[in-house]
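Read through the structure below, which is laid out as structure tokens, and then see the notes.
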Amino acid sequence: LLVKRLKKARQRKKAETGKCEGAKGWDEIDPDRKIEVLKLVRRLRRKPRGGGIQKSYQKIADHLNAEEIKTLRGGEWSAQLVRAFHKRKI
């Protein structure tokens, strides 16, 4: 009985919002901050004018941590996290 009620509640919630379970993402918590951080990551990753090499994901992570820009969950940036975040579509 309880399982059926919970299942119906999850289905109703999913029909209303499109999502029922799982952690909340950037779009649900702070979409403006997501765009701001993504623009910064893309700017740092871009090749400099006049040649040169682009910054590595690790150097970008170090820059974000030095600027005390926290991840969505309040942690520190890693190269893998910066790469995954950079590959996202806005």
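These numbers come from the heavy atoms of this one structure, side chains and all, not from hydrogens, waters or symmetry mates. As the structure is a computational prediction, the values presented were derived from the model and not from experiment.
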- Could you tell me the separation between the CG atom of L40 and the NE2 atom of H86, rounded to the nearest 0.5 Å? 11.0 Å

- Query: In Å and rounded to the nearest 0.5 Å, what is the CD1 to CG distance from I60 to L81?
  - Reply: 12.0 Å

- Nearest 0.5 Å please: distance from the NZ atom of K8 over to the CG atom of L6. 12.0 Å

- Begin with the C-alpha distance, continue with both residues' side-chain angles, and end with the deciding distance and a verdict on side chain to side chain contact (heavy atoms under 4.5 Å, CB included) for K47 and I53. CA-CA 6 Å; K47 277 189 173 181; I53 57 171; over 6 Å; no

- Message: Donor-acceptor pair, distance only, cut-off 3.5 Å: does the side chain of R46 make one with the backbone of Q54?
- Response: no

- Item | Validation row: L44, V82 side chains within 4.5 angstrom (heavy atoms) | no

- Does a sphere of radius 6.0 Å around CZ in R5 hold more than 12 heavy atoms from other residues, nucleotides or ligands, not counting ones at 6.0 Å or beyond? no

- Query: What distance do F85 atom CZ and L38 atom CG have between them, rounded to the nearest 0.5 Å?
  - Reply: 5.0 Å

- Donor-acceptor under 3.5 Å (W77 side chain, I69 main chain): yes

- Query: For R45, does the CZ atom have more than 12 heavy-atom neighbours from other residues, nucleotides or ligands under 6.0 Å away?
  - Reply: yes

- Message: How close do A79 and Y57 get, counting heavy atoms only, and between which atoms?
- Response: O-CB, 3.6 Å

- Task: Report the distance from atom CD of Q11 to atom NZ of K7, rounding to the nearest 0.5 Å.
- Result: 5.5 Å

- Task: Report the distance from atom CD of E76 to atom CD of E68, rounding to the nearest 0.5 Å.
- Result: 9.5 Å

- Step by step, would you call R33 with K70 a side chain to side chain contact (heavy atoms under 4.5 Å, CB included)? CA-CA 11 Å; R33 183 169 169 251; K70 298 293 182 186; 4.1 Å; yes

